[in-house]
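Okay, so here's the structure we're looking at.
The figures that follow rest on heavy atoms only: side chains count, while hydrogens, waters and symmetry mates do not.
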Amino acid sequence: MTDRHLIVGAGPVGRHVAALLAERGSDVTVVTRSGRDSGLAGVAHAALDASDADALTRAADGADVLYNCANPGDYTQWERAWPPLAAAFLSAAERSGAVYAITGNLYPYGPVDGPMTEDLPDAATDHKGVLRTRMWADARRAFEEGRVRGAVEVRASDYMGPGVGGNGHVSRVLPAALAGKRVTMMGRTDLPHTFTDVGDVARTLVAAAEDPGAHGRAWHVPSNAPRTQAQALTDVLAAAGHPPVRPRSLRGPALAAVAAVSPFMREVRQLVYQWERPYVLDDSAARDRWGLEPTPWDEVCRRTAQG
C-alpha cells in the first residue's frame, strides 16, 4: 500500500518535502489557501484554510504523516495567525491518527552562549520565541499523553537554497548585490553563523517523521560549517560569477531608528541577538541517527545563486 502524506504550505520547505516524497512514489497532497498547482510531478493540490480544524482533519484522514510547513510570513501577524493554525494541526493529528511533523526554528532557545544542542532549554523571552515554544510544547505533551500517534519537530538555522528568496538573510539581499548595489544585513556580518540548506530541512523532516523512535523531541538539521554573513554572501556571489560586495551592518541606533517607524522591523529587532554573537548549530544527533550529511557548501551556494 502506498504511504500517504499531507503537506500544509507550499513555501520552500513544503515544496522540497513534496518533491522528495513524490520522487520515491508516495501519495502526496499539498494544501494551501489557493490550492495553486506547484508544478511538481506526481503531487496533488487542494485549497484549504488550515486553521479550520474540521476541514484539515478531513484532508488528513488516512494520511500517514501531516507536515506543518506553514509560514505566516508577516511577523506582525504571528500572534493572530499561529494559535488557530497550531490548534487545528494538533486537532487534525489527534483525530486522523497521522504523525505530526513540524518545521520548527531556533527561536525557542532565545539568546545562547556556545553551540546550540537539542538538550538546551526552550528559554526564549521574545513573543515569537515564546509562541514557537508553546506550539512545540503542546504537540510534545499530546504525544506523551498518547493523544497523537507521533509528534516531532525539526529545527534549522537561516535558510539557503532554491526558492528561499526573502525568507533568507543572504538570498534577501542577493538581487541588489547582483546589481552591484551596496547591501545591508542585520547585526554584525563578521561572526560565525550556521546556514541551512532548505533541501536538507526537507530530508531531515521526512526522516524524523518516519522514525517512531525519534518522536517526542526536536532535532537539528545537518548543516554546513558556520560562515559569517559576509562570507556566505561572497560565496553565493562567486557561484553566480559576480565579484564580492561588502555589506553594511544594521545594528544599534540605526536599527532602533528603523524599528521606530516600521512595525515589521520592530519584530525583527527582537531577534537581532542571533547576529550579535556567534550563532552555531550542533547537528551531530541527526547525523548520527540517520547518517545524514548536509548538501556540500559549493552546491548550496550555486543553488542559492540560481534562486
For this session: Test Y109 against D122 for side-chain hydrogen bond (donor to acceptor under 3.5 Å, both in side chains), laying out the working first.
Result: CA-CA 5 Å; Y109 297 131; D122 285 349; 5.1 Å; no
Query raised in the report: In terms of heavy-atom contacts, does CZ of R182 have more than 12 from other residues, nucleotides or ligands at under 6.0 Å?
Result: yes
Whether F143 and H215 hold their rings parallel, tilted or perpendicular, with breakpoints at 30° and 60°
perpendicular
Any side-chain heavy-atom pair from Y100 and Y67 closer than 4.5 angstrom? no
When L21, V17, V206, V99 are each screened for side chain to side chain contact (heavy atoms under 4.5 Å, CB included) with H5, the one that passes is L21
Item to check | D61 bridged to R58 by N-O distance under 4.0 Å | outcome: no
Value for SG (C69) from CD1 (I7), rounded to nearest 0.5 Å, stands at 6.0 Å
- Query: Is it the case that more than 12 heavy atoms not belonging to R36 sit under 6.0 Å from its CZ atom?
  - Reply: no
Practice item. Could you check if a side-chain atom of V154 sits within less than 4.5 angstrom of a side-chain atom of T103, using non-hydrogen atoms only? Key: no
Donor-acceptor check, side chain of W219 to backbone of A214, threshold 3.5 angstrom: yes or no? yes
Output for pair (S91 OG, E94 CD), nearest 0.5 Å, gives 6.0 Å
When every non-hydrogen atom of V28 is compared with those of A22, the smallest separation belongs to CG2-N, 3.8 Å
Heavy atoms of P222 and E293 approach each other most closely as CB-C, 4.3 Å
Here the gap from L237 atom CG to C301 atom SG, rounded to the nearest 0.5 Å, amounts to 9.5 Å
Smallest heavy-atom separation, H169 atom then V173 atom, equals O-CG2, 3.9 Å
Is the ring pair F264/Y75 parallel, tilted or perpendicular, if the boundaries are 30 and 60 degrees? parallel
Kindly indicate whether the side chain of N71, heavy atoms from C-beta on, has any atom under 4.5 Å from the side chain of N167.
-> yes
Any side-chain heavy atom of L106 within less than 4.5 Å of one from Y279?
yes
Are D3 and E210 close enough that some pair of their side-chain heavy atoms sits under 4.5 Å apart?
yes
Exercise. Begin with the C-alpha distance, continue with both residues' side-chain angles, and end with the deciding distance and a verdict on side-chain contact (heavy atoms from CB on, under 4.5 Å) for R277 and R188.
Key: CA-CA 8 Å; R277 63 184 71 196; R188 291 178 57 173; over 6 Å; no
*asked:* Quick one, T204 and L292 - any side-chain contact, counting heavy atoms below 4.5 Å?
replied: yes
Task: SB check R95 D54 (cutoff 4.0 Å) - done: yes
Closest heavy-atom pair, S249 versus T189, reported as atoms and distance to 0.1 Å, is OG-CG2, 3.6 Å
Exercise. Does a side-chain N-to-carboxylate-O contact under 4.0 Å join R217 and E118?
Worked result: yes
* Walk me through it: do S157 and T194 pass the test side-chain hydrogen bond (donor to acceptor under 3.5 Å, both in side chains)? => CA-CA 6 Å; S157 194; T194 296; 5.1 Å; no
Requested in this report: Starting from the C-alpha separation in whole Å, work towards a yes-or-no answer on side-chain hydrogen bond (donor to acceptor under 3.5 Å, both in side chains) for Q229 and H193.
Outcome: CA-CA 7 Å; Q229 288 194 89; H193 193 97; over 6 Å; no
In short, R266 meets A260 closest at the heavy-atom pair NH1-O, 3.4 Å
* To do: Before accepting this row, confirm whether a basic side-chain N of the pair R80/D74 lies closer than 4.0 Å to the acidic partner's carboxylate O.
  => no
Exercise. With a cut-off of under 6.0 Å to the ring centre and 45° to the axis, is R251 in cation-pi contact with W275?
Worked result: no
Check your understanding: Do NZ/NE/NH1/NH2 and the carboxylate oxygens of R269 and E267 come within less than 4.0 Å?
Key -> no
Would the distance check show the side chain of D200 and the main-chain N or O of P294 forming a donor-acceptor pair, the cut-off being under 3.5 Å? no
Hits for ring-ring contact (aromatic ring centres under 6.0 Å, His included) against H45, two or more places apart or cross-chain, chain-then-number order -> none
Self-check item: N/O donor-acceptor pair under 3.5 Å between T304 side chain and G161 backbone
Solution: yes
(request) Look at R302 together with D235 and state whether they make a salt bridge at an N to O cut-off of under 4.0 Å. (result) no
Shortest non-hydrogen pair, V201 vs V221, comes out as N-CG1, 3.7 Å
To the nearest 0.5 Å, atom CG of L56 lies from atom CG of L48 at 6.0 Å
Q) Are any of the side-chain heavy atoms of V258 and M265 separated by less than 4.5 Å? A) yes
CG of D64 to CG of L6, rounded to nearest 0.5 Å, is 11.5 Å
Which of R132, R155, R140 passes side chain to side chain contact (heavy atoms under 4.5 Å, CB included) with I102? It is R132
